[in-house]
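This report refers to the structure that appears directly beneath it.
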Amino acid sequence: MLSLLGLLVVVAGFALRLNPLLTVVLAAFASGLGGGQGPVQILSEFGRAFRDGRTVSVIWVVLPVIGLLEGHGLRLRAQDLISRLRRASAGRLLLAYLALRQVTAALGLTALGGHAAMVRPLIAPMAEAAAADAGPVEIPPALREEVRAHAAAADNVGAFFGEDVFVAFGSVLLIQATLRGLGVRVDSLALSLFALPSALLAFAVHGGRLLRLDRRWRAAAGETAAS
Amino acid sequence: MISPEFVYALMGVLLVGAAVTALRRAEDPDRRLKGLFWGAFGLSFVFGSELPDWANGAVVVLLAAIAASGRLRRSSATASARAPDRPRAATPSAARLFAPALAIPLLTFALTLTLPRIATPAGPLVEASRAAPICLGLAVLGALALALALLRPAPGEALERSGDLLDAVSWTAALPQSLAALGAVFAVSGVGDQVGRLLGGVIPPGQVFMAICAYTGGMALLTVLMGNAFAAFPVMASALGVPLLVRRLGADPAVVGSIGMLSGFCGTLLTPMAANFNLVPSALLELRDRYGVIRAQAPTAVVLFVGNTLLLYFLAFRPHG
């Protein structure tokens, strides 16, 4: 029971807006101390888990390429591309990206996308440019922030609600293995089929929000022009 | 046999490069602290497998202490902050810039499909379960070679630029790995099981809808707390999904499995614990609000949670074999 102390520290840490890295370390120690472990033992266990988790940080390995391309004008070219599409607006662009991400994830191509590799260098600048193009003057920074946040959101929603449809993906295999361990057999095809209604619902809900946001963004950009 | 140590070595180079770039920013008063941060993080990649466990733990504590000092703020002395916009005429064509960018995911996918199938005397060239990070590393090297050929940048520019990008994201770079480690520590101390048992005790017998809500709600809640639906699923499946929904109430296990996991993903959209999906992007996109991505996702997450609960209710109890 006392090991739930770690969970409490996590919640409190985030609620109090402590530095998240600090919160994590404090929570690890709280959890261990609550479970009756000594500090050196906690340090070792945490250290081993950190070492085993190195794979998670590998996403950063794309940064030299992205940095180089950005330094040579990638964002400018991405914005140029958007300016040439006459019907492009931020919301509709993100809707298209949501669809692309969801469909490619459902086909197993989860590598085609991602925050460091696609949202930052390409999707976010394109969406910002589309929002800015809606009016002749600079859009307010709050609008810029919101559009960028939604670029990341579209990537997440698309990936999460597309990948469970892919039969050979980790998600489906994990569910199958877990249930098998509990004595229940499920067919992986059935698992992926039952992910479809949720996938369609996700596209409808988030897509609908993007279209509504689009109208608000275009109006906000137009207002800035009029004021 | 290509091992993940190859990719960890790349990470080491990247991070030590960032440390050097940080130390070289003469105008930055925090440069030594930043150099220490990136240097320690980088060495933990290269030597992590050789260091004793407590040493790896000490590295995380050091990183957290430096982060908590608040001195890792983005420097105004980074190249991207200083450089004026290149005139359009001097900017390389879209093709030269997009090609290396798109090469990363395409090469990763191609390599993930082919490398595990190549047999060597010691086994497959790349083990299928370790394929993703290794193939990403190789794809990045390929894309980098392409970018170097197409753009002919100054030597060291790629490492300097990535150093600047890391300066912008600062300590969030270490957050996903630290949270994954915390999740493992929680799992060992049985935190998830306890939460699962607590939830299991709250349901009056025979109440189907309440049982479903406890299951989907539990998945979402546990995912919010642990930051990872894959970690929450085994707990909820063994606490509620299988014993109550499948065995006692006769629900279709495929529905329980699939929609249960998806309810967990609704939680992932809401929690700062899922750092690589929610906090890393807000750092990468330089948002002023750390929780901006979560805010953007929250309405979708809530509606989809309700939707998934209803879908489970209506789909799980159809007549099935």
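Throughout, protein chains are lettered first and strands after them, A, B, ... in sequence-line order, and every chain is numbered starting at 1. Note that these values count all heavy atoms, side chains included, but never hydrogens, waters or copies made by symmetry.
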Most contacts with chain A, counted as non-hydrogen pairs under 4.5 angstrom, among [options]:
options: B:L141, B:L63, B:L269; result: B:L269
options: B:P133, B:G292, B:A173; result: B:A173
options: B:L279, B:L166, B:L51, B:L151; result: B:L151

Under 4.5 Å from any heavy atom of chain A - which part of [X]:
X: B:S178; value: both
X: B:A254; value: both
X: B:T112; value: neither
X: B:F265; value: both
X: B:A94; value: both
X: B:L144; value: both
X: B:V255; value: both
X: B:P234; value: both
X: B:P299; value: both

With respect to chain B, which residue among [options] yields the maximal number of heavy-atom pairs within a distance under 4.5 Å?
options: A:G67, A:S57, A:A190; result: A:S57
options: A:G47, A:A117, A:S188; result: A:G47
options: A:L18, A:L74, A:L193; result: A:L74
options: A:P121, A:A199, A:A124, A:A152; result: A:A152
options: A:L201, A:V119, A:I66; result: A:L201
options: A:V56, A:V24, A:L179, A:I175; result: A:I175

Which atoms of [X] are under 4.5 Å from chain B, going by heavy atoms: the side chain, the backbone, both sets, or neither?
X: A:P141; value: both
X: A:L122; value: side chain
X: A:V10; value: side chain
X: A:V205; value: side chain
X: A:T178; value: side chain
X: A:L213; value: neither
X: A:A116; value: both

Partner of B:S258 by side chain to side chain contact (heavy atoms under 4.5 Å, CB included), out of A:V186, A:L191, A:V165, A:L196: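 Per the side chain to side chain contact (heavy atoms under 4.5 Å, CB included) rule, the option paired with B:S258 is A:L191, out of A:V186, A:L191, A:V165, A:L196.
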B:F41 ring center near B:F45 ring center (under 6.0 Å):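 B:F41 vs B:F45: aromatic centres under 6.0 Å.
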Residues forming a salt bridge (Lys or Arg N to Asp or Glu O under 4.0 Å) with A:R120, sequence neighbours excluded: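 With sequence neighbours excluded, A:R120 shows a salt bridge (Lys or Arg N to Asp or Glu O under 4.0 Å) to A:E70, B:E286, given in chain and number order.
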For B:D289, all residues meeting salt bridge (Lys or Arg N to Asp or Glu O under 4.0 Å), sequence neighbours excluded: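 B:D289 satisfies salt bridge (Lys or Arg N to Asp or Glu O under 4.0 Å) with B:R295 only.
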Plane angle bin for B:F277 and A:F160 - parallel if under 30°, tilted between 30 and 60°, otherwise perpendicular: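 Perpendicular, since the angle between the ring planes exceeds 60°.
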Ring geometry between A:H150 and A:W217 (parallel below 30°, tilted from 30 to 60°, perpendicular above 60°):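 Correct class here is perpendicular.
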Side-chain heavy-atom pair B:M261, A:D164 within 4.5 angstrom cut-off: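 A side-chain contact exists here, since the closest heavy-atom pair is under 4.5 Å.
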Polar contact flag, side-chain donor to acceptor under 3.5 angstrom, A:H206-A:Q102: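 Judged by distance alone, the side chains do not pair up.
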Electrostatic pair A:D80-A:R77, nearest N-O below 4.0 angstrom: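 A salt bridge is present here (some side-chain N lies under 4.0 Å from a carboxylate O).
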